[in-house]
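Structure record follows, encoded as structure tokens.
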Amino acid sequence: MRKSIRKVGIYCGTLLLGVSGYALLRHVATENAPEFNRTKVTVNKDKMSIQDFYSGLQMGDAGWYFIDKDGKPHNVDSLCDSRHRENALNGHYKHVKLKEKIDTVYVRYSGKEFREKTKSNFIYKVGVLDSLPNLPSMGKYSYDLLLLREFVGDNPKLQKIFDIYNDSHNCTKAHEFQHYLNNTFGMHDWNSYSIKFAECCLDEISANIAQCVAQRENYLKHNRDLSYITGRFRYYADSIKAGVITPTSSTITPKEQKIIAEGVFKGWMEDKFEIYRNNNQNRTISYLKDASYGAVQENWDRHNALMKKFFNIGGYDFWKYVQPKEKEIFENISDTQKKIYASWCRKKFREMNHFEKLEYLRMSEGNLAYNRDISGNVFKAKLIKTFGMDK
């Protein structure tokens with residue numbers, strides 16, 4: 001019965017189009033059948049040829065959609081939107097419940113032999129790690145764990161030296177907590193390689209601003225004791241000493257916000273950028289590992305929306321002071337990094353699947369070209385099926 005209907009359809013088409021029209025349609029089917037039967041797509045974990053996919057497409061009020069074997073409809077626009085895949089892979093970061101842990105770091109003066117060997121005046125012990133010559137990190141954030149270090153000296157004089165490294169003075173928790181917040185805001189969201197590298201740097205700058213604001217609060221709580229402003233933010237303490245700003249508990253004035261933001265940015269670029277370059281480079285590549293070619297194109301609107309969240313600290317908008325400065329980060333991206341980014345982009349371009357190609361078509365040529373391509377593919381799939389080439 002099916003073959004009879006097909007023959008009738010072909011016969012009618014022949015009468016309407018004539019022999020040349022029939023030959024043209026058959027040529028279109030013959031030319032496209034190998035690719036349509038060979039190329040695979042996955043819908044709801046079901047792998048199928050694009051021939052089967054386009055043969056099953058239907059037009060609805062919201063555009064083209066496909067019904068999977070479970071009877072669930074899938075809008076083609078959503079299948080060609082990398083953000084759905086991005087959310088499936090990274091959406092969990094937005095809902096992480098944070099745990100906190102405090103490690104005690106025991107500190108004592110080193111002996112002559114140890115000092116001559118390591119050039120360190122102090123010996124550190126953290127858990128099972130004993131006789132460490134270098135100062136351990138003051139804190140660390142990783143996914144769902146915020147780790148703080150509490151330094152305990154073996155005598156009052158030593159304790160006074162190391163108090164500055166504890167959260168009570170350093171405000172390490174505020175710094176690491178901002179990293180956690182930035183993760184929930186979308187630190188792992190996809191963008192171009194250069195933008196994502198800049199966002200990794202800005203993640204650190206955001207955390208430093210949060211830390212500076214926390215030290216400011218400490219300074220006010222302790223009767224304006226400048227010892228609660230650590231050397232990392234010396235410029236801020238100097239501004240207070242010089243009378244340029246007078247911090248109050250009621251508000252952070254725009255002038256003070258600007259001094260904090262620009263000072264942190266300048267200090268981080270001068271002292272930390274090169275130290276963090278490789279780490280942020282690795283973070284960038286890791287974050288974009290599963291991103292499609294279309295997803296690693298520049299999206300400045302998305303970047304700015306994310307940065308407004310990063311730099312909304314304590315209810316104050318520090319982004320308006322940092323944004324004019326961020327070009328310095330892009331200017332400091334090395335030629336080697338740019339070559340690596342270009343290489344990754346070429347690889348992603350070569351490896352685009354069918355839906356990713358459609359997504360990039362919509363991004364680069366617009367909705368008209370995108371919809372025309374889908375409609376054309378539906379027509380080709382029908383021709384291939386009509387001529388019995390859907391094998």
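We number each residue from 1, following the sequence as shown.
Comment: Asp144 engages Lys99 in a salt bridge, judged by a side-chain N to carboxylate O separation of less than 4.0 angstrom. With respect to the salt-bridge test (charged N to carboxylate O, under 4.0 angstrom), the residues Glu270 and Lys266 qualify. Taking the charged nitrogens against the carboxylate oxygens, Asp46 and Lys72 have no contact shorter than 4.0 Å, which rules out a salt bridge. For Arg362 and Asp77, the salt-bridge test passes: some basic side-chain N is under 4.0 Å from an acidic carboxylate O. Ion pairing of Glu86 with Arg83 is absent here, as no side-chain N (NZ or NE/NH1/NH2) approaches a carboxylate O to less than 4.0 Å.
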Please evaluate residues Asp189 and Lys94 with respect to the criterion salt bridge (Lys or Arg N to Asp or Glu O under 4.0 Å), reporting the C-alpha separation (whole Å), side-chain torsions for both, the decisive distance (0.1 Å), and the verdict.
CA-CA 11 Å; Asp189 289 352; Lys94 295 176 171 61; 3.4 Å; yes
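For Phe197 and Trp344, the gap between ring centers reaches or exceeds 6.0 Å. Taking the six-membered ring for Trp and the full ring otherwise, the centers of Phe318 and Tyr321 sit at least 6.0 Å from each other. Between Phe66 and Tyr54, the gap from one ring centroid to the other reaches at least 6.0 Å.
Ring geometry, Trp300 versus His303: the interplanar angle exceeds 60°, so the pair is classed perpendicular (tilted spans 30 to 60°). Using a 30° and 60° split on the angle between ring planes, Trp268 and Tyr276 fall in the tilted class, from 30° to 60°. Using cut-offs of 30° and 60° for the angle between ring planes, the His222 and Tyr228 rings count as parallel.
Under the 4.5 Å side-chain criterion, counting only non-hydrogen atoms from C-beta, Ser206 is not in contact with His179.
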